[in-house]
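Worksheet: the structure to be examined is printed underneath.
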Amino acid sequence: MPIIIDLDELDKKIMSHICRGIYSYNELAKLCDVGRSTIYRRVERLETIGVISKRIMAIPNFTYLDLTAINISMDVNQLDMDRVIEFLKRQPTVKFLWRSYGSYNTMVITVCKKGAEGKCISKIRETLEEMEVNIQKFEAAVSFTWEKVDLAPY
C-alpha cells in the first residue's frame, strides 16, 4: 500500500525553490514570505519523512585540478543493465550515473587525470566486454562543459 504524504502549499513552494538552487533558510523564508524558523521546521520535516534529502555537492574546476570529465553514453542490453549499473557504481572515477530511455540507456560522467582519457574510456569498455555485456552503442565525449541553469517553475 503506498504511503500518502500530506504536503501543503508551503511545502510545495519550498520544494519548488530548492529544486532550482541552493538557498539559505533566510533566503527561502523571503521567497516563501514566512519566517526563517518556519522554513527550518518545514525543511527538517520534509527530510525526516523522506521527501527530500540534504547533500552537499561540489563540481570542481577541472582545469585547475588537471582533470578531465568524460561523458560515456551506452546502449546496453536490458538483461545486462543491473550488472552494468552495479559495476559502474563501484568505480571510483564515476561521479554521475543515469539510467535513461532513448538512444542510450546508460550515461556516465567519469573523471580522470588530463591525458589519461583514452585509458579511462578503454578500461570501462574492456571491463564490460570481459563481463560479456552486450553493448549496442558506446560513445564518449571528452571536451564538454556544464553549468547550473536556473529553471523556471513548471
Side-chain angles (χ1 to χ4, degrees), residues 1-76 78 80-121 123-124 128 137-154:
M1 178 173 216
I3 298 173
I4 297 173
I5 299 171
D6 187 26
L7 301 177
D8 65 14
E9 288 308 309
L10 179 56
D11 292 329
K12 292 174 186 175
K13 196 172 188 180
I14 291 168
M15 290 190 315
S16 173
H17 287 296
I18 63 177
C19 284
R20 287 183 278 151
I22 300 171
Y23 297 95
S24 69
Y25 291 124
N26 287 333
E27 291 168 323
L28 280 172
K30 288 177 187 171
L31 289 168
C32 296
D33 199 29
V34 296
R36 182 197 180 282
S37 59
T38 299
I39 293 294
Y40 178 82
R41 283 192 308 273
R42 292 295 186 104
V43 168
E44 291 298 311
R45 179 181 155 271
L46 291 169
E47 184 179 21
T48 300
I49 63 176
V51 173
I52 63 171
S53 74
K54 293 182 208 171
R55 295 182 186 177
I56 297 175
M57 205 174 202
I59 300 175
N61 180 329
F62 293 132
T63 304
Y64 178 76
L65 298 171
D66 202 31
L67 298 172
T68 299
I70 303 167
N71 176 2
I72 299 174
S73 301
M74 298 176 275
D75 186 26
V76 177
Q78 288 297 323
D80 296 323
M81 181 63 74
D82 289 337
R83 288 188 312 130
V84 169
I85 296 296
E86 287 309 309
F87 161 72
L88 292 168
K89 283 181 181 178
R90 292 190 310 269
Q91 303 312 300
T93 62
V94 171
K95 303 304 176 190
F96 299 96
L97 173 61
W98 296 271
R99 289 182 192 225
S100 182
Y101 298 97
S103 297
Y104 301 98
N105 58 15
T106 309
M107 288 178 262
V108 176
I109 301 293
T110 184
V111 176
C112 66
K113 282 291 210 188
K114 194 170 286 277
E117 298 89 349
K119 184 177 180 180
C120 182
I121 295 165
K123 180 182 175 191
I124 289 174
L128 291 172
K137 292 187 223 170
F138 185 101
E139 292 187 19
V142 176
S143 296
F144 69 94
T145 62
W146 62 51
E147 65 182 86
K148 180 184 176 294
V149 177
D150 189 14
L151 301 174
Y154 293 87

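No hydrogens, no waters, no symmetry mates; every other heavy atom, side chains included, goes into these values.
A distance of 7.5 Å separates OG1 of Thr106 from CG of Leu88, quoted to the nearest 0.5 Å. If you take SG on Cys112 and CG on Asp66, they are separated by 10.0 Å, rounding to the nearest 0.5 Å. Distance check, rounded to the nearest 0.5 Å: CG of Leu28 to CD1 of Ile18 gives 7.0 Å. Within the model, atoms CG of Leu7 and CG of Leu46 stand 6.5 Å from one another, a figure rounded to the nearest 0.5 Å. How far CG of Asn71 is from CE of Met107: 7.5 Å, rounded to the nearest 0.5 Å. Atoms CD1 and CH2, on Ile109 and Trp98 in that order, are 4.5 Å from each other to the nearest 0.5 Å.
The minimum heavy-atom distance linking Tyr104 with Asp75 is given by the pair CD2-N, 3.9 Å. What you find for Val142 and Ile121 is that their closest heavy atoms are CG2-CD1, 4.1 Å. Shown here for Ile14 and Cys32, the closest heavy-atom pair between the two residues is CG1-SG, 4.0 Å. Across all non-hydrogen atoms, the minimal contact from Leu65 to Lys113 is O-NZ, 4.1 Å.
Counting non-hydrogen atoms of neighbouring residues, nucleotides and ligands closer than 6.0 angstrom, the CG atom of Asp8 exceeds 12 such neighbours. Few gaps surround NZ on Lys137; more than 12 heavy atoms of other groups in view lie less than 6.0 Å from it.
With a 4.5 Å cut-off on side-chain heavy atoms, Leu67 and Lys114 do not count as touching. Looking at Lys13 and His17, their side chains come closer than 4.5 Å, going by heavy atoms from C-beta outward.
Side chain of Asn105 to main chain of Val76: a donor-acceptor pair is present (N/O by atom type, distance under 3.5 Å, no hydrogens or angles). One N or O on the side chain of Thr110 and one on the backbone of Thr93 form a donor-acceptor pair closer than 3.5 Å. In terms of modelled atom types and a separation under 3.5 Å, the side chain of Ser16 and the main chain of Lys12 share no donor-acceptor contact.
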Evaluate the side chain to side chain contact (heavy atoms under 4.5 Å, CB included) criterion for residues Arg42 and Val34: first the C-alpha distance (whole Å), next the side-chain angles of each, then the deciding distance (0.1 Å), finally the verdict.
CA-CA 11 Å; Arg42 292 295 186 104; Val34 296; over 6 Å; no
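Under a 4.0 Å N-O distance rule, the pair Glu86/Arg83 does not qualify as a salt bridge.
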